Protein chains: 2
Amino acid sequence: MPHTMSRPPVNPPTLADVAERAGVSRQTVSNAVNNPDLLREDTLRRVQQAIAELGYLPNRAARNLRTRASHLIGLPIKAAEEGTANAAMDRFVHSLVDSSREAGYHVLLFSGTRTGKAEDELPAYDDLLRSTAVDAFVVTDTYLGNPQAAWLHQRRAPFVAFGRPWNDDAARHPWVDVDGAAGADMATSHLIERGHHRIAWIGWRKDSLLGEDRRAGWSRAMRSRDIPTAGLASRVEDTVASGKEASAVLLDEAQPSAFVCASDTLAMGVLHTLAERGLRAGQDVAVTGFDDSQVAQTVPPGLTSVRLPLEEVAIEVVKALEGLLHTPPVVTPGVLLTPTLVVRGSS
Amino acid sequence: MPHTMSRPPVNPPTLADVAERAGVSRQTVSNAVNNPDLLREDTLRRVQQAIAELGYLPNRAARNLRTRASHLIGLPIKAAEEGTANAAMDRFVHSLVDSSREAGYHVLLFSGTRTGKAEDELPAYDDLLRSTAVDAFVVTDTYLGNPQAAWLHQRRAPFVAFGRPWNDDAARHPWVDVDGAAGADMATSHLIERGHHRIAWIGWRKDSLLGEDRRAGWSRAMRSRDIPTAGLASRVEDTVASGKEASAVLLDEAQPSAFVCASDTLAMGVLHTLAERGLRAGQDVAVTGFDDSQVAQTVPPGLTSVRLPLEEVAIEVVKALEGLLHTPPVVTPGVLLTPTLVVRGSS
DNA sequence: ATCCTCACTTGGAACGATCCAGAGCGCACG
DNA sequence: CGTGCGCTCTGGATCGTTCCAAGTGAGGAT
């Protein structure tokens, strides 16, 4: 009497299965997969057919064990802060996954503890390294004082940074970054071309080197046209509330007709101030942001913003990783990419 | 003559190293790590000390090979659509990484081809399964017609869905979802309490079951108070432009004093219309969104939005995964969570 | 004293791939 | 005709862990 029975899960075919079917040795199948040039043409075809017929795919764990590699790239993720407009990570992660796949790697996400403090992440890096769970890391915050870069270097762990080793001349690791000064310059020049003269800057506190870089772009654009900048700059925390306050103060004290902001978050703060005062963004006062977040894309009337070429960043990061993981390792120099300006209704 | 030489990379300690140091066999060390109860107390201490001294951590690849598991959970990521406000994925991913870590798993990201079509992802799933690169999947789009769920089921691949198997009664996989109707009901009831009567709905096209679920919450809240809904509903694409158009038409033809939207993206469209007509969100017309995206959090004057409990979703998803990967597998029933309403200036 | 049980520990085999050294063979060369 | 070389292909060892079956010794039951 037949009855429904659950099929036992069949183990996937192994190298040995393929070898038997093709009438060759295990090693030959292995070569067919990894070094096809070593095989005679007809043997290769025979093996490939056996592989196709059985639907063979090498077992990752076995390969990893033998080759002492995991073909995984570790990417730490920080909690996206609530109330900010920083959606850049999302786009970058996706690009990185795509680029990695083309290079034969997958991306493994991890986080330290829930605290979010940088030091707390080190044990997580350490565990992944020691258990050979990942081959390399991609790190994203490389300001000085961030222990990760130095720690990884000392550990001789392969890693590529998205972000310059700002003030660490001793850093010898590959990095990829976006020219923030160029971005701010583009935004500022764009506003000047639109006839603005009194253009204010709202950026981050002075200890943010990334912020100072962007700020340099604003002052460069102004100075190259002999436009005074005195009293037009403000440096605050990266929150909407700070942007709101700073812009209110600037409007009262310096009467700017336009704002260039170091982030979309700050730019949103400016929009808050404008809304409160009944000023129309883009018509009464121009505003530009940074990062081209979803916020910039959707807020009325559209926020002009500097867009980071995250797809290219990911490609360069993976290139650098491939160099590091190559034998012998090839340490690529830093790469600096140029952002673009997306003009919308706010300017 | 001494000269700087690069230290050869030292191999991490293995079980055998620990065993030798502790004066026990490999198996005993393995037990100390995986089944401490089996050891006598003093032996356990001795082994643990040796482990600590050497900084031993089990080699992932070897363990994976032997146990036929990878301790990785595969998460497909779709490209975040440009121009929408959907940042939910980001929060969910982070929560999932945290929950997974606590359960001893890591999250592996992958994507199909760059096309973004659902069918194109199947080979990616297949490869990961066949190469035993992941133990299970978390999938996020389970509407009917999406081939993933059925395919995974047929493949006997363990997976948990974030999202109900809407119209597939045959589905027998674990899922976790958020009660969209309850969310829309909360938003609508909130508006009614604020004195609104003519409350419009802007949702997705009728073939979106997720959208119809949320819509049901709106109409339920209205009907339970005998408020007429005729002419107050609109169903469009999930884009800012569609939300803008739909709200303009509704304002002209039905004079609503408030809008309940199926997404923050649509709500942003409403804000566009209000801005164009010189109406103030929250004062002249109320608006609520869905998802509590960064856009909702930052746009002036703040968009009231239904917030999905993604942290809890992640926890439940991991619980269900643990059940599936348990031996014997425990198939948990579906879990439906309730969202919360975050009230901001727009209502 | 012998046997049995129980708690604990052990060595060998296995997971499935790649590394390595060498075998077989055909061919050109001296 | 012997030798050596290059091209293919092979079998055994190995990566580091866990599974499995069996070994050891103390203590109680017979």
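All values below come from the heavy atoms of this structure, side chains included, with hydrogens, waters and symmetry mates left out. Numbered from 1 within each chain, the chains take letters A, B, ... in sequence-line order. All values reported here derive from a predicted model rather than from experimental measurement.
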The side chain to side chain contact (heavy atoms under 4.5 Å, CB included) partner of B/H106 among A/L109, A/V134, A/L72, A/L128 is A/L128
- Query: Between the two ends of the helix from C/dA1-D/dT30 to C/dG30-D/dC1, what is the bend in degrees, rounded to 10 degrees, where each end axis spans five pairs?
  - Reply: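 Rounded value for the end-axis angle: 70°.
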Value for CG (A/L96) from CG (A/L75), rounded to nearest 0.5 Å, stands at 6.0 Å
Between CD on residue A/Q148 and CD on residue A/E121, distance to nearest 0.5 Å: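 Reported value, rounded in 0.5 Å steps: 5.5 Å.
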Within residues 126-135 of chain B, find the residues that approach DNA chain C with a heavy atom at under 4.0 Å, and present them sorted by residue number.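 DNA chain C contact set from residues 126-135 of chain B: none.
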Quick one: side-chain contact (heavy atoms from CB on, under 4.5 Å) partners of [X], sequence neighbours excluded?
{"X": "B/R66", "answer": "none"}
{"X": "A/A69", "answer": "A/T67, A/H71, A/D135"}
{"X": "A/R155", "answer": "A/D126, A/L129, A/R130, A/W151, A/A157"}
{"X": "B/P309", "answer": "B/V178, B/E312, B/L337, B/P339"}

**Prompt:** Do the ring planes of A/F92 and A/F162 sit parallel (below 30°), tilted (30 to 60°) or perpendicular (above 60°)?
**Reply:** tilted
A/N35 CG to C/dA17 P, in whole Å, measures 16 Å
Q) Which whole-number value in Å describes the distance from A/L38 CG to C/dG22 P? A)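 The answer, rounded to whole Å, is 19 Å.
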Which residues pass the salt bridge (charged side-chain N to carboxylate O under 4.0 Å, His left out) test with A/D177, not counting sequence neighbours?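 Applying salt bridge (charged side-chain N to carboxylate O under 4.0 Å, His left out) to A/D177 gives A/R164.
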Sequence neighbours excluded, the answer for salt bridge (charged side-chain N to carboxylate O under 4.0 Å, His left out) partners of A/D42 is A/R40
- Determine the contact category for A/N34: base if any of its heavy atoms lies under 4.0 Å from a base atom, sugar-phosphate if only primed atoms, P, OP1 or OP2 are that close, otherwise nothing. sugar-phosphate
Show me the donor-acceptor pairs within less than 3.5 Å that the side chains of residues 48-56 of chain A make with the rest of the protein, sequence neighbours left out.
unit_1: A/Q49; atom_1: NE2; unit_2: A/E53; atom_2: OE2; d: 2.9
unit_1: A/E53; atom_1: OE1; unit_2: A/R21; atom_2: NE; d: 2.5
unit_1: A/E53; atom_1: OE1; unit_2: A/R21; atom_2: NH2; d: 3.0

Between A/P58 and B/L44, whichever has its closest DNA chain C nucleotide further toward 5' is B/L44
Side-chain donor-acceptor pair under 3.5 Å between A/N59 and A/T14, yes or no?
no
In B/S/- notation (B base, S sugar-phosphate only, - none; protein heavy atoms under 4.0 Å), nucleotides 10-15 of chain C written 5' to 3' is BBBBBB
Contact span of DNA chain D against chain A, any nucleotide atom under 4.0 Å from a heavy atom, 5' to 3', runs D/dT8 to D/dG16
Applied to residues 25-37 of chain A, the salt bridge (Lys or Arg N to Asp or Glu O under 4.0 Å) test, sequence neighbours excluded, yields none
